[in-house]
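Read through the structure below, which is laid out as structure tokens, and then see the notes.
Just so it is clear, the model here is predicted, and its values are computed rather than measured. When reading the values below, keep in mind they use all heavy atoms of this one structure, side chains included, and skip hydrogens, waters and symmetry mates.
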Amino acid sequence: MSEMANTDPEGMDGVRMTWNVWHRTKVEASKCVIPLAASIQPIRPHPDIPTLPYAALRCKTCAAALNCYARVDFTAKIWICPFCYQRNHFPQHYSMISETNLPAELYPQFTTVQYTLPPPHQINPNDIDNNNYNTTTLSPVFVFVLDTCMIEEEMDFVKSGLKQALGLLPQNAMVGFVSFGTQTQVHELGFNDMSKVYVFRGTKEISKEQVLEQLGLTDAARRPGAGYPKPGPVQNGFPNAGVTRFLLPASECEFMFDNLLDELQPDQWPVTHGQRPSRCTGAALSVAAGLLGACIPGTGARIIALVGGPCTEGPGTIVSKDLSEPVRSHKDLDKDAAPYFKKAIKHYDGLAKQLVSQGHVLDVFACALDQVGVAEMKVAVERTGGLVVLAESFGHSVFKDSFKRIFEEGEQSLGLCFNGTLEINCSKDIKIQGIIGPCTSMEKKGPNVADTVIGEGNTSAWKICGIDKSTCLTVIFDLSSSERSNAPGTVNPQLYLQFLTSYQNSEGKMLLRATTITRRWIDSAVSSEELVQGFDQETAAVVMARITSLKMEMEEGFDATRWLDRSLIRLCSKFGDYRKDDPTSFTLNPCFSLFPQFMFNLRRSQFVQVFNNSPDETAYFRMLLNRENITNAAVMIQPSLISYSFDSMPQPALLDVASISADRILLLDSYFSVVIFHGMTIAQWRNMGYQDQPEHAAFAQLLLSPHEDAKMIIRERFPVPRLVVCDQHGSQARFLLAKLNPSATYNNAHEMAAGSDVIFTDDVSLQVFYEHLQRLAVQS
């Protein structure tokens, strides 16, 4: 398998496609079942990408950036755009180019290049011609929004996390603080004499204008002219000094902030017996978004919400205060028996629009034993490109380590960037249906926008307020329905796609990343061998999972299992080799052979089987499925299993109950949790303390190996996964058993080898699934 051997399948461009060879007609493409889609990581770092100290040259018709696929006439100093065939003249500062003196963007190996841009609010028209940009940078802003309706112990965990975060923030970062319980308090950090707080009622909707007026920031809200503020006295990157009462540089407010946290008490509002505390999460987030509305446009800002329970007050309420009423479940949502759900979604939808128009991000850290409303907040988090972490307690390593990772520098840094926009250019006849992932459509119409919409569509440009080095988006393409107008022979055999991502990095500099890729068209008359070789089964499985999740959310009564089964049967009927009506003759090309197994595991995964998960957990899993790269998303669908034993090196094991053995340790990575599972004999020896005896050093090493490998997995990942250490027949063994193929169940337990295990389930096993698939695929 070539794609399995490739250690960096995304390569320099950060792009993987379901099909790497494309049919020319819509009809032929639809017969291939799996849609034409690309998974892109817009700002994934790579050592070979050059950063150029000037702006990109754009085509005057379609605005595509100059790239290595453009045809160049060096004598006439003209380049022809590969997308729209427009002839463009090179500007004066390119006058020295020749075949032997090329700018970096024309080198064939640089399919991805990065340009430095001037900051948006400081462009002087005279500077553009001279390439003399003033590179003043904007400070990033972090507003912490803290829930105070928690027990003392949880408050202490959060406070220590916040103090640690403040110490890790860059010195120039601006910090704001909002706390909420029954009411919302905005803390004036710039007032040293005593703690000064502005209180907002938690029961009613608050508009951005009302927030600014209450905080005395209306001058900042009143902007001269329609565009950016006229250059006046700008202090710390803010148009008026008022907002600096609430937002202070991290270096100046650390002492003040520490004192404030020490004095902060859990919410003092009395809670009657049998009632939930009144918590106004929705109102608090609106106030924080309003406060950020006073910043200069183009400032990168994040609202980091730390929530410890469900919203029971004001906008965004998800449940009543009466404890006898449980928080909505999947069953309630299906039966339309969740009275607060739609209203809360509408509130967060409005908040998402406000944050996107300001270019700001909402991150949510939800730590509670019950649900807190992540399912309702999902729209605001996802559309602004925010991060989300779900844990049981603020004292849990999942929260503590993930929260620290946001602010860390160096190798461990997430590479958080702000204010991204993505534009896509494609060859004629290719249409964009939409993007699944953390972004918002900018409703920019154009010739390459499809009529059908999947995800964020109706556009060729998207806003990504929060983007980091691992952010991944899935672009779903379509072909125009018209048959080919050109006569064959004159047609370009190559198709081109260009992804242009502009963003503000953590230092406040504006950059533009341009990735241009090419793939081959094939005619349906030609053999399908090339098409088969160009199929990426891992990407296809992840794209199908993302489309299925989206359909389950958007389409009422959508039967996901049935839809996946039908798609798989159609794919196998088209690409399998078989004699009609003879299941035993069925074989699949190696390029497709892993795909049925991915679909088998997807049908059983938490993305399709929502039973036993709350709506919050399902929303959390889907948000991460949509924003992670293909390799990580594939692990979410089909976990990896490694076996450790005395007689061999650690090696991959089948994701099957037959892999369990009394003298083995298994390490399961299912992305959200990492499980170390000790076989019965190993557990007994460990309990007897053999590992502490010098003559059993090999056993001590065997026990240690999976823990070291688990540490490596955990260190690389965000959010930090939950580590489960368990023994065969122990209560927590369920974390492993739930993911294994039930090849041995209570029905055929008598065939089992000693020391292995059975799974008590009526689910079909992979073998039975495959037999059914063969039978249905060969039906005439």
Side-chain angles (χ1 to χ4, degrees), residues 10-20 22 36-44 46 48-52 54-72 79-88 102-115 117 420-435 437 439 441-442 444-450 456-457 459-464 467 471-480 492-503 511-521:
E10 272 90 5
M12 173 167 148
D13 299 329
V15 176
R16 285 181 72 174
M17 306 183 85
T18 48
W19 300 96
N20 288 297
W22 288 26
L36 297 168
S39 158
I40 62 169
Q41 286 180 271
I43 63 169
R44 178 175 185 262
H46 194 281
D48 299 343
I49 297 174
T51 297
L52 311 176
Y54 47 86
L57 271 194
R58 297 291 197 98
C59 168
K60 60 186 183 201
T61 305
C62 69
L66 174 64
N67 59 76
C68 57
Y69 301 112
R71 302 225 311 277
V72 178
W79 61 281
I80 298 170
C81 171
F83 296 97
C84 66
Y85 306 118
Q86 167 69 45
R87 298 163 72 83
N88 297 282
L102 288 174
E105 63 264 42
L106 288 177
Y107 276 65
Q109 71 269 35
F110 291 145
T111 45
T112 295
V113 294
Q114 192 152 271
Y115 301 94
L117 300 178
T421 52
L422 168 70
E423 296 167 66
I424 301 180
N425 295 301
C426 3
S427 295
K428 184 175 167 291
D429 291 339
I430 299 176
K431 308 280 184 208
I432 305 162
Q433 297 192 66
I435 289 185
C439 63
S441 160
M442 288 171 76
K444 182 184 172 191
K445 299 286 188 286
N448 55 1
V449 176
E456 291 290 314
T459 182
S460 60
W462 294 261
K463 180 97 179 140
I464 318 168
I467 182 170
T471 301
C472 176
L473 303 167
T474 308
V475 190
I476 314 273
F477 296 101
D478 196 7
L479 299 175
S480 57
N492 186 349
Q494 298 294 110
L495 63 99
Y496 299 99
L497 301 169
Q498 186 177 65
F499 306 102
L500 295 169
T501 313
S502 64
Y503 64 99
L511 298 166
L512 172 74
R513 171 84 66 100
T515 295
T516 313
I517 58 171
T518 182
R519 293 289 187 267
R520 290 210 27 224
W521 290 114

Arg44 side-chain N/O to Cys472 backbone N/O, donor-acceptor pair under 3.5 Å: no

The single option from Leu495, Thr516, Asn67 that satisfies side-chain contact (heavy atoms from CB on, under 4.5 Å) with Pro82 is Asn67

Quick check on side-chain hydrogen bond (donor to acceptor under 3.5 Å, both in side chains): which of Thr112, Thr111, Asp13 does Thr515 satisfy it with? Thr112

Is Ser502 reaching over with its side chain to a backbone N or O of Leu512, donor-acceptor style, under 3.5 angstrom? no

Mind checking whether Trp521 and Trp22 have parallel, tilted or perpendicular rings, split at 30° and 60°? perpendicular

Backbone N or O of Pro447 within a donor-acceptor pair of the Lys431 side chain at under 3.5 Å? yes

Between Gln433 (side chain only) and Phe477 (backbone N and O only), is there a donor and an acceptor less than 3.5 Å apart? yes

Can you tell me how the ring of Tyr496 sits relative to the ring of Tyr69, calling it parallel under 30°, perpendicular over 60° and tilted otherwise? tilted

Would a distance-only check, ignoring hydrogens and angles, find a side-chain to backbone donor-acceptor pair under 3.5 Å from Gln498 to Ala65? yes

Test of understanding: with ring pair (Phe, Tyr, Trp, His ring centres under 6.0 Å), list the residues that count as partners of Tyr85, not counting sequence neighbours. none

Test your reading of the model: is there a side-chain donor-acceptor pair from Thr18 to the backbone of Ala37, 3.5 Å cut-off? yes

Taking Thr474 for its side chain and Ile435 for its backbone only, find out whether a donor-acceptor pair lies under 3.5 Å. no

